[in-house]
Amino acid sequence: MRREFIIVMLGIICVSTFSSLLSGYAQIETDKILLDTVVGAVGAGNFSYWQLGHTGPLLVELTSLTGDADLYVSDSVRPSYEADKNNFSSTTCGPDMVNIPPSFPRPVGIGVFGHWSHLLSEYSIQVFLDTSAMQYEESLAAMERGQRIGEQHESDKRTKERPASRKVDEEPRPRFMKLLNILDMIFEMFVI
């Protein structure tokens, strides 16, 4: 009985370790392409300014390494924390993120504000090309093209078959992730 219990526990530990290793790997976001990284520092109550000339849908992520830096984005060169002087902002105590649509005028003005609560805030900015937004826009354009073609064909003849309905909100998941979820549930049953 002891030997079987030890074997089961070792199996659970191996599966748990394997699961945690793969879950760290599976969380890599493949829909973002890193375009630029900037590291800087800003004093309390001051701004540091940057400009972006990259085209397409962008995701700007600001991480405060020390202190608390806030992110402001504008179509002007020097964005501010005043509402009429920025188009987008993120002022959390953690990571700050702003999505910039492809239609936004370039160059994009980036302002990093050092919060008054810290004498110096060190930060890192990463700029990503958001390919998921590009794919979404391409699919919308394809649907519009298909709709126009469908309207032309509809006037010629009407189809009586209805396409099978699909769940739009459910994303396909890799099989190994489903397996890991099942193994995780089994592990939780034995631990609890």
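A donor-acceptor distance shorter than 3.5 angstrom exists from the side chain of Thr66 to the backbone of Glu122, with no hydrogens or angles considered.
Tyr123 meets the ring pair (Phe, Tyr, Trp, His ring centres under 6.0 Å) test with no other residue; sequence neighbours excluded. With sequence neighbours excluded, the residues forming a side chain to side chain contact (heavy atoms under 4.5 Å, CB included) with Asn86 are Tyr72, Pro79, Ser89, listed by chain and number. In this structure Ser117 satisfies the side-chain hydrogen bond (donor to acceptor under 3.5 Å, both in side chains) test together with His115, sequence neighbours excluded. Partners of Asn99 under the side chain to side chain contact (heavy atoms under 4.5 Å, CB included) rule, at least two apart in sequence or in another chain, are Leu59, Asp130. A search for ring pair (Phe, Tyr, Trp, His ring centres under 6.0 Å) contacts involving Phe128 returns nothing, not counting sequence neighbours. With sequence neighbours excluded, no residue satisfies side chain to side chain contact (heavy atoms under 4.5 Å, CB included) with Ala44. Listed by chain and residue number, Asp96 satisfy the side-chain hydrogen bond (donor to acceptor under 3.5 Å, both in side chains) test with Thr92 (two or more places apart in sequence, or in another chain). Taking Arg78 as the reference, Tyr49 meet the side chain to side chain contact (heavy atoms under 4.5 Å, CB included) condition, with sequence neighbours excluded. Under the rule for a side-chain hydrogen bond (donor to acceptor under 3.5 Å, both in side chains), the partners of Ser76 that lie at least two apart in sequence or sit in another chain are Ser74.
Listed here is the closest heavy atom pair of Thr55 and Arg106: CA-NH1, 3.7 Å. Shown here for Leu129 and Pro57, the closest heavy-atom pair between the two residues is CD1-O, 3.5 Å. Here the closest non-hydrogen pair linking Gly114 and Ser121 is CA-OG, 4.3 Å. Minimum interatomic distance between Asp70 and Asp68 (heavy atoms only, all atoms of both residues): OD1-OD1, 3.7 Å.
Note on Tyr81 and Phe88: separate hydrophobic clusters, where clusters join Ile, Leu, Val, Met, Phe, Trp and Tyr whose side-chain heavy atoms are under 4.5 Å apart, directly or indirectly. Taken together through direct or relayed side-chain contacts under 4.5 Å among Ile, Leu, Val, Met, Phe, Trp and Tyr, Leu62 and Phe113 form parts of separate hydrophobic clusters.
For residues 41-53, there are no salt bridge (charged side-chain N to carboxylate O under 4.0 Å, His left out) pairs, not counting sequence neighbours.
Once rounded to the nearest 0.5 Å, the distance linking CG of Leu71 with CD1 of Ile125 reads 6.5 Å. For the atom pair CD1 (Ile100) and CG (Asn87), the distance works out to 9.5 Å, reported to the nearest 0.5 Å. Interatomic distance, OG1 of Thr63 versus CD of Glu61, reported as 6.5 Å (0.5 Å rounding).
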| query | Going through the checks in order, is the side chain to side chain contact (heavy atoms under 4.5 Å, CB included) test met by Asp36 and His54? | reply | CA-CA 9 Å; Asp36 213 349; His54 298 290; 4.0 Å; yes

| task | Show your working on side chain to side chain contact (heavy atoms under 4.5 Å, CB included) between Leu52 and Val127 and close with a plain yes or no. | result | CA-CA 9 Å; Leu52 289 176; Val127 179; 3.7 Å; yes

| Verdict with supporting geometry, Ser124 and Thr37, side chain to side chain contact (heavy atoms under 4.5 Å, CB included) | CA-CA 7 Å; Ser124 170; Thr37 301; 4.2 Å; yes

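Side-chain contact between Leu34 and Gln126 is present, with at least one heavy-atom pair separated by less than 4.5 Å.
Annotation: Trp50 is not in aromatic contact with Phe47 [ring centroid separation under 6.0 Å not met].
Summarising the hydrophobic clusters (Ile, Leu, Val, Met, Phe, Trp, Tyr; side-chain heavy atoms under 4.5 Å, direct or chained), the residues clustered with Leu65 are Val39. In the hydrophobic clustering, Val77 connects to no other residue, as no ILVMFWY side-chain heavy atoms lie under 4.5 Å from its own.
Within a 6.0 Å sphere centred on CG of Leu119, other residues, nucleotides and ligands contribute 12 heavy atoms or fewer.
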